[in-house]
Trainee: 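For reference, the structure I am asking about is given below.
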Amino acid sequence: MLNLIWSAVIGLGILMCFFTGNAETAAQAFTDGAAGAVELCIFMAGTMSFWSGIMNIAEKSGLIDRLSEKIRPIIVFLFPDIPVKSMAFKYICINMAANFMGLGWAATPAGLMAMEEMNKINKIAGTASRSMCMLIIVNVSSIQLLPVNIIVIRQKYMSAAPFDIVLPAIIATSVSQ
């Protein structure tokens with residue numbers, strides 16, 4: 001249904017451009033918009049690569065292990081059937097740390113690897129276990145201390161104060177819990 005609505009809105013917009021004599025302006029806006037979208041995707045891919053690399057360095061340096069010690073009680077409470085020494089536990093720690101910092105891009109690979117590891121210890125492989133469902137819920141309702149994604153987008157579009165989003169994001173994420 002939503003596809004139908006969007007198609008109708010776009011089609012109506014195109015028709016209005018022809019009837020009002022603004023077809024050239026609309027064509028220019030379409031190409032500028034497409035170019036802007038590609039430019040934003042390339043910029044975000046670079047940012048994603050940077051933060052994924054930072055998370056990789058944090059993992060290799062032992063920072064993730066130290067962080068996992070700090071948040072172990074929370075993870076053990078949320079995922080009681082995951083062995084503490086398993087790779088699934090480590091990937092869950094990485095995923096939660098990345099989400100806490102607002103790095104959804106860096107959290108996704110760790111979340112997928114955690115799911116693969118949880119599937120290996122799952123009694124019924126291929127069926128979502130309690131822990132798998134919990135990881136999805138934790139990711140959907142993640143608490144973010146620093147919304148890096150939004151800050152980067154605000155910087156890209158020359159916001160005068162890109163970090164002004166931090167306090168509202170903390171309030172919003174706290175209320176959503």
Side-chain angles (χ1 to χ4, degrees), residues 33-122 128-177:
V38 169
E39 182 182 322
L40 179 63
C41 287
I42 291 169
F43 179 79
M44 295 301 283
T47 304
M48 178 179 136
S49 298
F50 172 76
W51 284 107
S52 293
I54 293 293
M55 289 303 294
N56 197 2
I57 291 168
E59 179 184 1
K60 291 195 186 323
S61 71
L63 183 63
I64 297 297
D65 292 333
R66 288 193 298 274
L67 177 65
S68 67
E69 289 299 319
K70 302 283 186 210
I71 62 174
R72 177 179 296 215
I74 296 168
I75 296 176
V76 167
F77 175 75
L78 292 174
F79 304 94
D81 52 337
I82 301 296
V84 175
K85 299 292 182 190
S86 71
M87 287 303 293
F89 191 87
K90 182 177 182 178
Y91 290 136
I92 290 168
C93 289
I94 295 169
N95 176 269
M96 289 180 74
N99 273 322
F100 185 68
M101 294 305 295
L103 303 170
W105 323 301
T108 300
L112 292 173
M113 289 186 277
M115 285 292 192
E116 287 176 7
E117 292 297 321
M118 285 189 282
N119 194 43
K120 290 177 185 175
I121 51 179
N122 192 2
S129 66
R130 177 199 172 282
S131 292
M132 292 170 145
C133 293
M134 179 59 73
L135 184 61
I136 291 169
I137 291 166
V138 166
N139 274 282
V140 168
S141 64
S142 70
I143 297 173
Q144 292 186 6
L145 175 65
L146 190 64
V148 174
N149 296 354
I150 304 303
I151 292 169
V152 167
I153 291 170
R154 288 173 56 96
Q155 284 178 327
K156 167 77 174 128
Y157 289 106
M158 308 301 177
S159 171
F163 286 87
D164 281 357
I165 194 72
V166 173
L167 182 61
I170 291 171
I171 293 169
T173 195
S174 297
V175 172
S176 72
Q177 300 304 313

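Because the structure is predicted, anything quoted here is derived from the model rather than measured.
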Trainee: Please name the pair of heavy atoms, one in N95 and one in A110, separated by the smallest distance, quoted to 0.1 Å.
Mentor: N-CB, 3.8 Å
Trainee: How close do L135 and F79 get, heavy atom to heavy atom, and via which atoms?
Mentor: N-CE2, 3.6 Å
Trainee: Could you report the tightest heavy-atom contact between K70 and P73, atom names first, then the distance?
Mentor: O-CD, 3.7 Å
Trainee: Do you know which of M118, E117, M115 makes side-chain contact (heavy atoms from CB on, under 4.5 Å) with I92?
Mentor: M118
Trainee: Thinking salt bridges, do E69 and R66 make one under a 4.0 Å N-O criterion?
Mentor: no
Trainee: Can you name the nearest heavy-atom pair linking I165 to P162, along with the distance?
Mentor: CG2-O, 3.5 Å
Trainee: Within this structure, what is the OG1-CD1 distance for the pair T47 and I42, rounded to the nearest 0.5 Å?
Mentor: 12.0 Å
Trainee: Judged by atom type as modelled, is there a donor-acceptor pair below 3.5 Å linking the side chain of R154 to the main-chain atoms of F163?
Mentor: no
Trainee: For a side chain to side chain contact (heavy atoms under 4.5 Å, CB included) check, start with the C-alpha distance between E116 and Y91, then their side-chain angles and the critical distance, and finish with the verdict.
Mentor: CA-CA 10 Å; E116 287 176 7; Y91 290 136; over 6 Å; no
Trainee: Is any side-chain heavy atom of N119 closer than 4.5 Å to a side-chain heavy atom of N122?
Mentor: yes
Trainee: Any chance you could measure I75, atom CD1, to I82, atom CD1, to the nearest 0.5 Å?
Mentor: 10.5 Å
Trainee: Quick check for you: to the nearest 0.5 Å, what is the distance between N139 atom CG and T108 atom OG1?
Mentor: 7.5 Å
Trainee: M134 and L78: which non-hydrogen atoms are nearest, and at how many Å?
Mentor: CG-O, 3.6 Å
Trainee: To the nearest 0.5 angstrom, please state how far the SG atom of C93 sits from the CD1 atom of I71.
Mentor: 4.5 Å
Trainee: Answer yes or no: is there a side-chain heavy-atom contact under 4.5 Å between V152 and F43?
Mentor: yes
Trainee: Would you name the heavy atoms of F77 and R130 that are closest together and state the gap between them?
Mentor: O-NH2, 4.4 Å
Trainee: Between K156 and E39 (salt bridge meaning N to carboxylate O under 4.0 Å), is one present in this structure?
Mentor: yes
Trainee: Strictly distance-based, threshold 3.5 Å: is any side-chain N or O of S159 a donor or acceptor partner for the main-chain N or O of Q155?
Mentor: no
